[in-house]
Each structure stands twice: as C-alpha cells, then as structure tokens.
Number of protein chains: 2
Amino acid sequence: MSFCEKCIVRKFSGLKTLNPEELEQISKNKTSLSFQKGELIFDEGEYLKGVYCVRHGISKLTKLSSNGKDQIIKFVSNGEVLGQRSTIANEPTNLKAIALNDMEVCFIPKNYFLENIKKNPRFSMEMLQDLAHELKEADDVIVNMSQKPVKQRIAETILHLENSFGLDEEGFLLIRLSREDISNIVGTATESCIRLLSTLKKEGLISTSGKRIMITDKETLQQVAEGLHH
Amino acid sequence: MSFCEKCIVRKFSGLKTLNPEELEQISKNKTSLSFQKGELIFDEGEYLKGVYCVRHGISKLTKLSSNGKDQIIKFVSNGEVLGQRSTIANEPTNLKAIALNDMEVCFIPKNYFLENIKKNPRFSMEMLQDLAHELKEADDVIVNMSQKPVKQRIAETILHLENSFGLDEEGFLLIRLSREDISNIVGTATESCIRLLSTLKKEGLISTSGKRIMITDKETLQQVAEGLHH
DNA sequence: ATTAAAACATGACTATTATCAGTTTTACTC
DNA sequence: GAGTAAAACTGATAATAGTCATGTTTTAAT
C-alpha cells in the first residue's frame, strides 16, 4: 500500500493542487494496477469507471481510422493521467490505451476525481489548463498532418520524442517504437516510413540500431522538420 | 445597450449556467463590437484581454503553417465563444480569428470570465466539458487528416458544413466558402480541391453555383467520406 | 540452440497530389 | 455596362506516397 501524499508522480500532475485531506481520500480509495507491455488498458468506446494515474511506464493512445489503421494520437507517461477527457465529459473514451512497456498505475474512481473538480477551484482550474494545453497541441498536430509532407513529419516526430522522453546513457531515444508505431504517428504506410528513416540515416541526421534511434545532426533535422532543408 | 439576461445566444453557450447576478455583472461590463467580412478579430500570438461571445456571424480560426499556408482549424458561430482556450490557459492565442461575414459580438473582459470559473462550479464544469468536447473533435480531425485521402476529406467537409450550418431555402449550404478556404480546411492545394469538387460534381454527388454548394446525393457522398465508394 | 513468427528492408510499379503555366469566369468598381 | 482584379478552372508534368511482392534480420518461444 502506497500513499498519494508521498507519491513523487503527484508533483507532475494536476493532483498537486489537492490538499492533504483530499489526497488522503483518494489514497484510501485508489487501487494499484500493473499492465504488461502490449496490454490493453482501455478500449475506444468504453465507459471508464475512473481515471488512471501513471506511476511508471508509457501508454500509447490510438484511434481506429475507417481504413482500419490505428492512428497514434499521443503518449501518456509518468505523472500524467489517462482517461481525464472522457471522465470529465462523462462520455465513453474516444481513444484506446495500450501499454508500450510494463506499467504501474493507480486507478482513481470517477466520483473522487469529479468531487474534487466541484469542490476545489484550484484543482478544476488546473484541469481546465490541462485540457487547454492539450487542445493547443492537438491544433499543432492538425496543421502538421495536413500541411507537411511525410519526411518533415517523421523528422518532427523524432525531435518530439526526444523532447518528451529524453535519451538513454548512450544517446539513443529512451522511447523505443516499432516502425509501424512511428508510421501510425505520422499517418503513413509502414514501408514509406522505413524508407524515409533510411533516407535520414543516409543523410547522416540520425542513426539506428534495431528499434533504437539516435539523433546525430539535430540542427539539420530541425531544418528538415520545418521544410527548410531538402 | 442590450442585456445578457435576455440574449438568445446565451442559451447555446456555457453562459447559460450563470445566475442572474453573475449575468448582470457581465452585462454591465461587456462591450458590443462589429466586424466586417474579412476583418481580423485577433491574430495568432496576441494576448487577449477577454473573450468574444458571437451574437451573429461566422468566424474562421486558422493557424499559419511553416509552409506559409493558413490551415483552418474550425469555425465559430452564433452562441459560441471565441478566445476561450487562450483565456483559460492564460496564454497568447494559438489561432487567428477572421470574420467570414459581417459579425456582431460581445466582448467580455477576462476577469469577469475567469471570476465565474473560480466562483461557480457549474460554470467551470461547463467549460471543462466544452474543452473536452473540442478535444475529441480535434482527435477526429487528426485521424481524418492523417489517414484519409483528399477526396474523402472534401466529402467529409461538405457533410460537416451542412451539419454545422445547415441549408438555405434553395437547398444550398448556408455557409459560403472560397475554394481556397475549402482547400485550407482539408489541407491541400487549391487546384487539387477544385479538381476533386469537379469530380464530385461529375459523379452527381454535389452541384455548385458560384461559391454555393448543394448536396445532391447525400448517401453516396457519405460513402465517399468513409472510403466505401470509388 | 533451433525454429517460427514478426518486424524490417528494398525494388518495381501505381496512384495520388503538388506545381506551374495558362485560360475562363465571376464579382466588383467606376 | 465596360474595365479590371480576383477567383475559378484546366492541362501537362513532376514529386510524393501507397501497394504489392519478396528477401532479410530480429525477436521470442520452445
């Protein structure tokens, strides 16, 4: 049994605005869950009974397109909360959540979450700002997807993955994705994605080793992402 | 001078959850503004001093892409509020707002809007649900943009415009957009957009008269939008 | 360690979309 | 209502991305 009050993860999520009593209330009613790599956390269209606070690991959130491909909408990792949007909207989820690696999460039943939104204005303001921020990010993605060619989107994705998850000791991106996952981020055929990664490799902007990717010329890669370099 | 209490528009926006005193407070401090067709309401990156409640007219919200094209992210019309996201996030706007036709809006200074979020839990819950809903829509757009070919996106856009703004007496879409605007919704070259509209016309799914568009075979158009028809 | 399955990679070809150049139509001003 | 600028349209061509076929490497399970 662990206590929310002491959880480091709390510092990064909206939960930081809750007072000790509110936290204890949540602490008493949460349940700890583990998910294995590849395991389904929740599916698109499910009604959630609460939110999932991620203590460890990374989850990918995808949406099934009418052509049968899963589009990756975003990743959720340590200190972030899964299922916020649908819980707040009181709707079924619009996304599917899958564990990218082994995960530990705390499940917080809906009513404790919603209760705090109603009672604690600082918490609800935090949630509002969270959603506002997500919305801005979504707008950026829309523009990139509609206006940029695939090569730019891949360059951008690699830079974004570095920013979000950082590097390991050897300098490789900490997050390891299959080529298919990458193609599902940029919305392209897996073969096209592989080919363009090879191109970036030949141009000396990245190097790879299996699933691991290293940025070797960040400046030029940024130029590619912005369409200034061919 | 008009009173928020009596404003029909209020019924459609989050403002409906405010009580008479809160409404009077806003009513006393709002200013009425007019914008002409094509006029700039606010630019990307501006700090807004408040939100704009749309009483009449339609505004397009765009974001400039690095390739110099404006991507249309969404439209805001009667009963909806402009500048919500950036006001809540306390950030500069991430979108540019332009009047698509002559507009009448009420400007509500920031602090009256934020005050109600802090004091009235029903209002802040309404705002949360608003943002949650926008976020879901944004996810849908991301999937469409990344996974669907241009023809499908155009079909979808036409159907979406009918749903959002309806038809005139003759059965044409009420909203009238230039070919360039349509191409900036689907994120394509204007010429490609024109060509695909012609194709849809030849296939008998729509007909056009100048800027006016009429859906003549809704069922098939829906199939095209979903990729079931070629 | 062996083997089967999955993921990765590449080539050949096709389909889609963008670009450039030009013409026609529409809408607006005087 | 003629003149003009902007928008709409069309064609030719190039660039981009998707599909299908096939071989190779990596991964994971026995």
Side-chain angles (χ1 to χ4, degrees), chain A residues 36-39 60 65-72 98 100-102 144-157 172 176-203 206-213 224-225 227 229-230, chain B residues 36-38 65-71 100-102 144-155 157 172 176-203 206-213 224 227 229-230:
Chain A
Q36 286 190 310
K37 179 179 176 176
E39 208 178 333
K60 65 171 174 183
S65 165
S66 56
N67 71 2
K69 290 191 72 177
D70 271 319
Q71 175 70 30
I72 296 182
I98 287 193
L100 262 189
N101 43 34
D102 292 351
N144 287 337
M145 286 302 187
S146 11
Q147 304 278 4
K148 291 185 179 178
V150 177
K151 190 177 176 188
Q152 287 185 43
R153 306 209 295 263
I154 290 180
E156 182 138 305
T157 298
F172 287 99
R176 288 208 227 164
L177 297 171
S178 67
R179 301 293 191 257
E180 193 182 358
D181 275 342
I182 298 176
S183 73
N184 287 343
I185 299 173
V186 297
T188 194
T190 308
E191 296 95 320
S192 303
C193 175
I194 290 171
R195 257 187 269 272
L196 289 164
L197 283 173
S198 304
T199 309
L200 291 174
K201 226 161 30 170
K202 275 181 209 131
E203 293 170 339
I206 62 170
S207 68
T208 66
S209 162
K211 282 196 181 16
R212 301 187 303 165
I213 295 176
V224 170
H229 191 279
H230 306 274
Chain B
Q36 286 191 308
K37 180 180 175 176
S65 164
S66 56
N67 71 2
K69 290 191 74 176
D70 272 319
Q71 174 70 31
L100 261 189
N101 44 32
D102 292 350
N144 287 337
M145 286 302 186
S146 8
Q147 305 277 5
K148 292 186 179 176
V150 178
K151 190 177 176 188
Q152 287 185 43
R153 306 209 296 263
I154 289 180
T157 297
F172 287 100
R176 288 208 226 165
L177 297 170
S178 68
R179 299 295 190 254
E180 194 182 356
D181 275 341
I182 297 176
S183 72
N184 287 343
I185 298 174
V186 296
T188 195
T190 309
E191 297 94 321
S192 303
C193 175
I194 289 172
R195 257 186 269 271
L196 289 165
L197 283 173
S198 305
T199 309
L200 291 174
K201 228 164 25 173
K202 273 180 210 134
E203 294 170 340
I206 62 170
S207 68
T208 66
S209 162
K211 283 196 181 12
R212 300 187 303 165
I213 296 176
V224 170
H229 190 279
H230 307 274

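A note on names: the letters A, B, ... follow the listed sequences, proteins ahead of strands, and every chain is numbered from 1. From a predicted model like this one, the values you see are computed outputs, not experimental measurements.
- Closest approach to the A:Arg195 side chain among C:dT10, D:dA17, C:dT19 is made by C:dT10 (side chain taken as heavy atoms from C-beta onward).
- Closest of all the heavy-atom pairs between A:Lys60 and A:Ile72 is CD-CD1, 4.0 Å.
- Atom-to-atom, NZ of A:Lys148 to P of D:dA17 comes out at 13 Å; the value is rounded to the nearest Å.
- Computed from coordinates, the B:Gln152 CD to D:dG18 P distance equals 13 Å when rounded to whole Å.
- Rounded to whole angstrom, the span from the CG atom of A:Leu196 across to the P atom of C:dA9 amounts to 12 Å.
- As rounded to whole Å, 13 Å separates atom P of D:dA8 from atom CD1 of B:Ile206.
- With rounding to whole Å, B:Glu180 atom CD is found 11 Å from D:dA8 atom C1'.
- Heavy-atom minimum distance, A:Ser207 versus A:Phe172: O-CE2, 4.5 Å.
- With hydrogens and angles disregarded, a donor-acceptor distance shorter than 3.5 Å links the side chain of A:Gln71 to the backbone of A:Asn184.
- Toward the 5' end of DNA chain C, the nearer of the two residues A:Ser146 and A:Leu197, judged by each one's closest nucleotide, is A:Leu197.
- A straight line from CZ of B:Arg179 to C1' of D:dA6 spans 14 Å, rounded to a whole angstrom.
- Not a single donor-acceptor pair under 3.5 Å links the side chain of A:Gln36 to the backbone N or O of A:Asp102.
- In terms of modelled atom types and a separation under 3.5 Å, the side chain of A:Lys69 and the main chain of A:Thr188 share a donor-acceptor contact.
- Note that CZ of B:Arg179 and CZ of B:Arg195 are 13.5 Å apart. Values are rounded to the nearest 0.5 Å.
- When distances are taken from the side chain of B:Ser178 to each of D:dT10, C:dC8, D:dA8, the shortest belongs to D:dA8.
- Side chain to side chain, A:Ser65 and B:Lys148 fail the donor-acceptor criterion of an N or O pair below 3.5 Å.
- Rounded to an integer number of Å, the gap from B:Arg212 CZ to C:dT25 C1' is 16 Å.
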Which atom pairs link the protein and nucleotides 27-29 of chain C when you take only N or O atoms and keep those under 3.5 Å?
none

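- We find that NZ of A:Lys202 is positioned 11 Å from P of C:dA9, with the value rounded to whole Å.
- Here the rule is side-chain hydrogen bond (donor to acceptor under 3.5 Å, both in side chains) with A:Asn144, and of A:Arg153, A:Glu156, A:Gln152 only A:Glu156 fits it.
- A heavy atom lying under 4.0 Å from DNA chain D marks the following residues of residues 182-193 of chain A, by number: A:Thr188, A:Ala189, A:Glu191, A:Ser192.
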> Could you go step by step and tell me if B:Ile182 and B:Ile194 meet the side-chain contact (heavy atoms from CB on, under 4.5 Å) rule?
Replying inline: CA-CA 9 Å; B:Ile182 297 176; B:Ile194 289 172; over 6 Å; no
